Amino acid sequence: MNYYGEYVTRLIEQFGKLPGIGGRSAQRLAFYVLNMPKENADALARSIVEARERVKYCSHCCNLTDTDPCPICSSAKRNKNQIMVVESPRDMAAYEKTNDFHGVYHVLHGLINPMEGVGPEDIRIRELLDRINDSTEEVILATSSTVEGDTTAMYIARNIALRNDGVKTSRIAKGVPVGGELEYVDQVTLAQAFKSRFDMNSGKDSEDEDN
Ligand code: ZN
């Protein structure tokens with residue numbers, strides 16, 4: 001049954017493809033857009049098209065960026081041999097806000113989640129392992145303290161140990177609540193979790209030398 005005509009139906013269908021948007025929300029968004037001033041609707045459509053055209057994945061860290069390498073990877077002030085592994089660009093932004101980390105990142109764009117059918121090959125783990133070499137000083141696994149975050153961290157640590165035995169692998173520690181999503185943890189807690197990270201392969205604490 002098509003109550004709304006082809007164009008409205010198509011718009012509702014497109015909104016319905018977004019995560020967390022059910023049929024009713026899709027209708028509400030479609031009608032909202034149709035009632036917007038035309039220039040606002042144009043700006044919305046244009047920003048989607050332009051973002052899709054211009055934004056790419058950084059060839060070093062896989063973060064979303066307008067320029068390749070991204071500003072962090074191309075900054076002379078960042079230590080390229082200290083890599084912090086995060087789940088998403090939002091987690092990266094949360095760590096950047098603490099101003100405590102001066103290395104570079106690697107964005108996985110997901111976590112291993114067998115229940116949802118997400119395996120290691122579905123996220124950017126291959127790209128991470130390919131980046132790591134003998135000059136890498138430390139890989140900090142900063143995925144959340146969830147089952148998926150821990151599984152992903154352990155998988156990566158094991159593979160680094162197999163391929164690059166001398167590379168230190170640490171895991172962010174205290175402060176991040178169990179089951180906590182990194183994005184919602186405050187900056188002080190996040191900075192503390194980073195400072196009190198522990199070595200995954202030896203079990204020793206790995207406090208920052210410079211504090
Ligand atoms: Zn980058």
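Counting begins at 1 with the first residue of the sequence. Both ligands and their constituent atoms are indexed starting at 1 by order of listing. Since the model is a prediction, treat every value here as computed from it, not as a measurement.
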CG of L111 to CD1 of I123, rounded to nearest 0.5 Å, is 6.0 Å

Looking at the rings of Y4 and F31, which for Trp means the six-membered one, are their centres under 6.0 Å apart? yes

Applying the side-chain contact (heavy atoms from CB on, under 4.5 Å) criterion to R171, which one of D150, V139, I156, D199 satisfies it? D150

How far apart are the C-alpha atoms of I125 and N159, what are their side-chain angles, what is the distance that settles it, and do they pass the side-chain contact (heavy atoms from CB on, under 4.5 Å) test? CA-CA 10 Å; I125 291 179; N159 276 277; 6.0 Å; no

When you compare the side chains of E138 and Q82, does any donor N or O come within less than 3.5 Å of an acceptor on the partner? yes

Protein N/O/S atoms under 2.8 Å of the Zn ion (ligand 1)? C58 SG, C61 SG, C70 SG, C73 SG

Distance from Y95 atom OH to D100 atom CG, nearest 0.5 Å? 10.5 Å

